[in-house]
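Start at 1 and go down the list; that is how both ligands and their atoms are numbered.
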Amino acid sequence: MSRKRREIPVFDQPLIETHCHLDYLKDRPLEETLEKVRSVNIERVITIAVSPDNLAQVRALSQLHPWLYGTQGVHPHEAEAYSDACEAEIREHATDDKIVAVGEIGLDYFYDNADREVQRQVFRRQLQIAADLGKPVVIHSREADEDTIAILSEFEDTLERRGVIHSFTSGPGLARYALDQGWCLGFNGITTFNKAENVRDIVRMTPVEQILLETDSPFLTPVPYRGRENAPFYLPFVAEKIAEVKELPLEQVLSATWQASMRTFFPDDGAH
Ligand SMILES: [Zn+2]
């Protein structure tokens with residue numbers, strides 16, 4: 001018995017999916033997913049690198065369609081696999097045509113999959129790449145608010161003020177710091193979860209001009225599709241939730257988040 005779930009809404013205004021992991025999706029053939037993505041008016045998709053093992057794959061994915069983009073970087077979970085060779089690869093390709101940011105990089109003290117000191121070193125080394133190349137960053141920070149602020153502070157004078165703390169689940173202190181620095185915060189299906197009132201509080205304090213929409217698929221499927229594999233085409237549910245939480249017209253959320261995404265990742269396409 002399957003309950004009929006609400007269909008994915010399709011809006012007149014375009015959306016930008018700022019964070020997903022296309023190479024992790026398993027439920028259907030990639031081209032089928034991408035067709036569905038286009039059918040709900042998602043205009044651009046950024047697929048995110050996480051490890052030395054998927055840097056090349058993300059670059060290949062970014063070449064599949066004009067509207068697909070990628071990043072280059074190593075996630076804190078994989079920090080112990082980071083090497084000089086890997087750093088050289090990120091440096092070489094971070095300025096490729098379809099590569100829009102260094103990421104995802106950062107600190108994760110919840111899972112502690114890598115030694116914390118190694119995580120901090122690898123975070124700094126990749127921030128340095130972004131600073132040297134003038135690229136924006138995609139940051140992952142979990143239960144590491146204090147150290148994330150401390151390390152970002154070291155780069156205040158060298159890093160471009162373009163980037164996002166994605167899948168934001170940290171406290172108001174890190175949110176305040178990031179927003180004051182001109183960063184964006186990325187929100188996803190977590191905003192639709194019953195228990196996530198703390199995340200909705202952060203949405204309330206974040207100017208809509210500094211919000212990026214993401215799915216982080218295949219993880220964190222939004223209501224009403226929880227239980228299924230997440231995919232970028234569920235992004236409209238995140239947009240609706242942000243509008244509801246911020247008590248703003250949907251049109252305003254769509255245009256503000258679209259502009260924030262363009263400013264962050266596609267600064268040269270501003271005239272679009
Ligand atoms: Zn991610």
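At a threshold of 4.0 Å, the pair Asp84-Arg125 counts as salt-bridged, since one of the basic side-chain nitrogens sits closer than that to a carboxylate oxygen. Salt bridge Asp147/Arg116: absent, no basic N to carboxylate O contact under 4.0 Å. Between Arg6 and Glu240 a salt bridge is recorded (basic side-chain N to carboxylate O distance below 4.0 Å).
Side-chain contact of His65 with Glu31: a donor-acceptor pair under 3.5 Å is present, judged by distance alone.
At least one N/O/S atom of His19, from backbone or side chain, sits under 2.8 Å from the Zn ion (ligand 1).
When NE2 of His21 and OE2 of Glu104 are joined through the Zn ion (ligand 1), the resulting angle is 100° to the nearest 10°.
The Zn ion (ligand 1) is closest to atom OD1 of Asp216 (considering only N, O or S atoms).
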